[in-house]
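Order of the sequence lines fixes the chain letters, A, B, ..., with proteins taken first and strands second; residue numbering starts at 1 for each chain. Side chains are part of it too, since the values below use all heavy atoms of this structure and drop only hydrogens, waters and symmetry mates.
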Number of protein chains: 2
Amino acid sequence: MSGHLMQAAVVPVPAAAALGAERPAKLRRVTTADAIFDRLYADILALRMPPGMQLQEKRIAEEFNVSRTPVREALLRLSEGGLVDIYPQSGTVVSRVPVSAIPEAVVVRKSLEGTTVERAAEIATPADIARLESIIARQRSLAALGDTFAFHEEDEAFHEAIAGIAGYPGIWTILKTVKVQIDRARRLTLPALGRMDNVVHEHELIRDAIAGHHVEAARAAMMHHLGAVIPDVAELRTRYPDYFC
Amino acid sequence: MSGHLMQAAVVPVPAAAALGAERPAKLRRVTTADAIFDRLYADILALRMPPGMQLQEKRIAEEFNVSRTPVREALLRLSEGGLVDIYPQSGTVVSRVPVSAIPEAVVVRKSLEGTTVERAAEIATPADIARLESIIARQRSLAALGDTFAFHEEDEAFHEAIAGIAGYPGIWTILKTVKVQIDRARRLTLPALGRMDNVVHEHELIRDAIAGHHVEAARAAMMHHLGAVIPDVAELRTRYPDYFC
DNA sequence: TCCTGCATACTAGTATATCAATTTATTCCG
DNA sequence: CGGAATAAATTGATATACTAGTATGCAGGA
């Protein structure tokens, strides 16, 4: 962690904000706070900053060569997402993964993605199917290479694409915030290489059901897919006792 | 809007944050920024600040006798919820209700509340049913009095109670943010007094289904209930053209 | 030894000042 | 008279300074 921070690039606003927030098509500077948010977000998700780690606005500000203000804004956003806990006048820590919330997060995913995939199966076009297939193809090669990180990114892309096909971009925004806690727990499991092939196959089943406009089959395939990825929290908890609460 | 702001009361943290964020049972100062956020949130929802209204950090800060910093933090949080739009170096406005997002918001509610009510029907205890009934009872009298505002608060309580029964408090947190845009649109409809009686009846049906552990019936009743409250955006749009986008 | 109370050293919350970018009005030239 | 260039004003973004809680450790007494 070091060095200067990129400044003041001008880019189209990246989706941001919750359901229905769509900024009017307008240009928006990527602010310093945004950059720091992204960095911390990635660091926490990748466990480079493990749960329970103490954070200090001042120290972070010094590391990035910025003032406390943008750091503070980034931390506030992270705390809303449940990734850090801010104790006023005391300190800020990377939040421990709330085990109790993980089953609920899975329920949310199943509920929302079930609804989404049904809609997608109803209205998907051949072009949509092609998009799904291209993502799956990339996943196949990444699985062969054993690149778990890139594989996971494509996994996100697949689910996001389905939301896009269904015409529910806002639902994907919600899912992203919900998925975070699940993903953090999953990062702790050893890179189960064999699992990637399973995922590819499950994605193929989902794609086939959507392509054939088989609403019920699509839902069933998605339910099976989401049910298979629940991390074994009980085991993780004994292995990393102070990462959970 | 006037006068000083209450300072530094100490209260238990009010639920806040997304799924799985549960602040460790701890005392937390209600910060100035929190107070301003709550105030602005209420003002926007009650349409005292109508969509399209210009906001200025400086002016708000002066009104509340605080500096721009907490005002800014409150506005940032509001913008994440899609209640204000911040145009950098230009201005901040109360967001217009994004009509395009309302159907999607309804989809989310149906999906999540459908799942929730099913679970509630499975595990509800007699005490849970009593809680629901007491809320419905209050709604009956409020409907008779024609107190639409308090009625709406009890409506929220009813749905939150079901989430509580199901053991999905985090889902309610998500629903709150999704409901906001729908509620804003609904506030524009004339206080349809007759509608309140319908709502009470629909709630009774939901309660009965939960009490009888009729999972399918509970879902059906909830779907009907949620389908009935979709505001007629098309009509509203002609009546309040610059409240929407 | 263990508990209590105070002093100290932090940390986050808030205020104020400065910087930079965008919008808007105005002026000057064609 | 009109349009482009420019200057002024507005306001968001960032930096710095200050205030006020909170935790911790040590001293002293039970």
Side-chain angles (χ1 to χ4, degrees), chain A residues 4-13 16 23-40 52-80 84-95, chain B residues 4-13 16-17 23-40 53-80 84-95:
Chain A
H4 265 107
L5 206 58
M6 51 294 196
Q7 292 279 18
V10 173
V11 296
V13 51
R23 294 280 189 300
K26 194 132 200 200
L27 255 45
R28 158 149 222 196
R29 278 184 65 217
V30 55
T31 174
T32 307
D34 289 333
I36 292 175
F37 173 86
D38 290 343
R39 178 66 173 273
L40 294 178
M53 179 179 175
Q54 280 267 15
L55 298 180
Q56 295 177 23
E57 289 183 359
K58 193 180 164 192
R59 199 178 54 73
I60 296 172
E62 285 166 358
E63 268 169 15
F64 286 94
N65 286 324
V66 298
S67 79
R68 272 179 55 206
T69 310
V71 173
R72 179 174 173 72
E73 285 176 6
L75 287 175
L76 282 169
R77 278 168 63 190
L78 288 169
S79 102
E80 280 181 43
V84 304
D85 291 329
I86 300 177
Y87 300 95
Q89 276 74 48
S90 168
T92 302
V93 298
V94 176
S95 71
Chain B
H4 265 108
L5 204 58
M6 50 298 196
Q7 291 281 18
V10 174
V11 296
V13 52
R23 293 280 190 299
K26 195 127 201 208
L27 255 46
R28 156 149 223 194
R29 273 184 72 215
V30 54
T31 175
T32 308
D34 289 333
I36 292 175
F37 173 85
D38 290 343
R39 178 67 173 273
L40 294 178
M53 177 179 176
Q54 279 268 18
L55 299 179
Q56 298 176 21
E57 288 184 0
K58 193 180 164 192
R59 200 179 52 71
I60 295 172
E62 284 166 359
E63 268 170 14
F64 286 94
N65 284 325
V66 297
S67 78
R68 277 175 57 199
T69 309
V71 174
R72 178 174 175 73
E73 284 177 7
L75 288 176
L76 281 171
R77 279 168 62 189
L78 287 168
S79 101
E80 280 181 44
V84 305
D85 291 329
I86 299 177
Y87 299 95
Q89 280 73 46
S90 168
T92 301
V93 298
V94 177
S95 71

[X] side, atom [atom1]; [Y] side, atom [atom2] - distance, nearest 0.5 Å:
{"X": "B/Ile86", "Y": "B/Leu75", "atom1": "CD1", "atom2": "CG", "value": "6.0 Å"}
{"X": "B/Glu80", "Y": "A/Glu80", "atom1": "CD", "atom2": "CD", "value": "4.5 Å"}
{"X": "A/Glu73", "Y": "B/Glu73", "atom1": "CD", "atom2": "CD", "value": "7.0 Å"}
{"X": "A/Arg72", "Y": "A/Glu57", "atom1": "CZ", "atom2": "CD", "value": "5.0 Å"}

Is there a side-chain polar atom (N or O) of [X] under 4.0 Å from OP1 or OP2 of [N]?
{"X": "A/Ser90", "N": "C/dC10", "result": "no"}
{"X": "B/Arg72", "N": "D/dA13", "result": "yes"}
{"X": "A/Ser67", "N": "D/dA15", "result": "yes"}
{"X": "B/Thr32", "N": "C/dT14", "result": "yes"}
{"X": "A/Gln89", "N": "D/dA20", "result": "no"}

Euclidean distance, atom [atom1] of residue [X] to atom [atom2] of [N] [Å, nearest integer]:
{"X": "A/Glu62", "N": "C/dT11", "atom1": "CD", "atom2": "P", "answer": "10 Å"}
{"X": "A/Ile60", "N": "C/dA12", "atom1": "CD1", "atom2": "C1'", "answer": "13 Å"}
{"X": "A/Glu73", "N": "C/dT14", "atom1": "CD", "atom2": "P", "answer": "14 Å"}
{"X": "B/Ile86", "N": "D/dT11", "atom1": "CD1", "atom2": "C1'", "answer": "12 Å"}
{"X": "B/Asp34", "N": "C/dT14", "atom1": "CG", "atom2": "C1'", "answer": "13 Å"}
{"X": "A/Gln54", "N": "D/dT24", "atom1": "CD", "atom2": "C1'", "answer": "13 Å"}
{"X": "A/Arg68", "N": "C/dT18", "atom1": "CZ", "atom2": "P", "answer": "19 Å"}
{"X": "A/Asp85", "N": "C/dT11", "atom1": "CG", "atom2": "P", "answer": "17 Å"}

- Could you list the residues that satisfy side chain to side chain donor-acceptor pair (under 3.5 Å) with A/Thr92, not counting sequence neighbours?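 Side chain to side chain donor-acceptor pair (under 3.5 Å) check on A/Thr92 returns nothing, list empty.
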- Message: Under 4.0 Å, heavy atoms only, any strand: does A/Leu55 hit a base, just the sugar-phosphate, or nothing?
- Response: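 Counting heavy atoms under 4.0 Å across all strands, the contact made by A/Leu55 is with sugar-phosphate only.
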- Task: Using five pairs at either end of the helix from C/dT1-D/dA30 to C/dG30-D/dC1, determine the angle between the two local helix axes and round it to 10 degrees.
- Result: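 End-to-end axis angle for the helix from C/dT1-D/dA30 to C/dG30-D/dC1: 10°, rounded to 10°.
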- Item | Heavy-atom closest pair, residues B/Ser95 and B/Asp85 |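 Scanning both residues completely, I find the closest heavy atoms to be CB-OD2, 3.6 Å.
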- Item | A/Met53 versus A/Arg59, closest heavy-atom pair with distance |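 Looks like CE-NH2, 4.2 Å.
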- Message: By nearest heavy atom, map A/Thr92 and A/Thr69 onto DNA chain C; which one lands nearer the 5' end?
- Response: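 Nearer the 5' end of the strand: A/Thr92.
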- Task: Side chain of B/Glu57 only, please: which of D/dG12, D/dA17, D/dA15 is the nearest?
- Result: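 That would be D/dG12.
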- Comparing B/Lys58 and A/Pro70 on DNA chain D - which has the more 5′ nearest nucleotide: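 Between the two, 5'-proximity favours B/Lys58.
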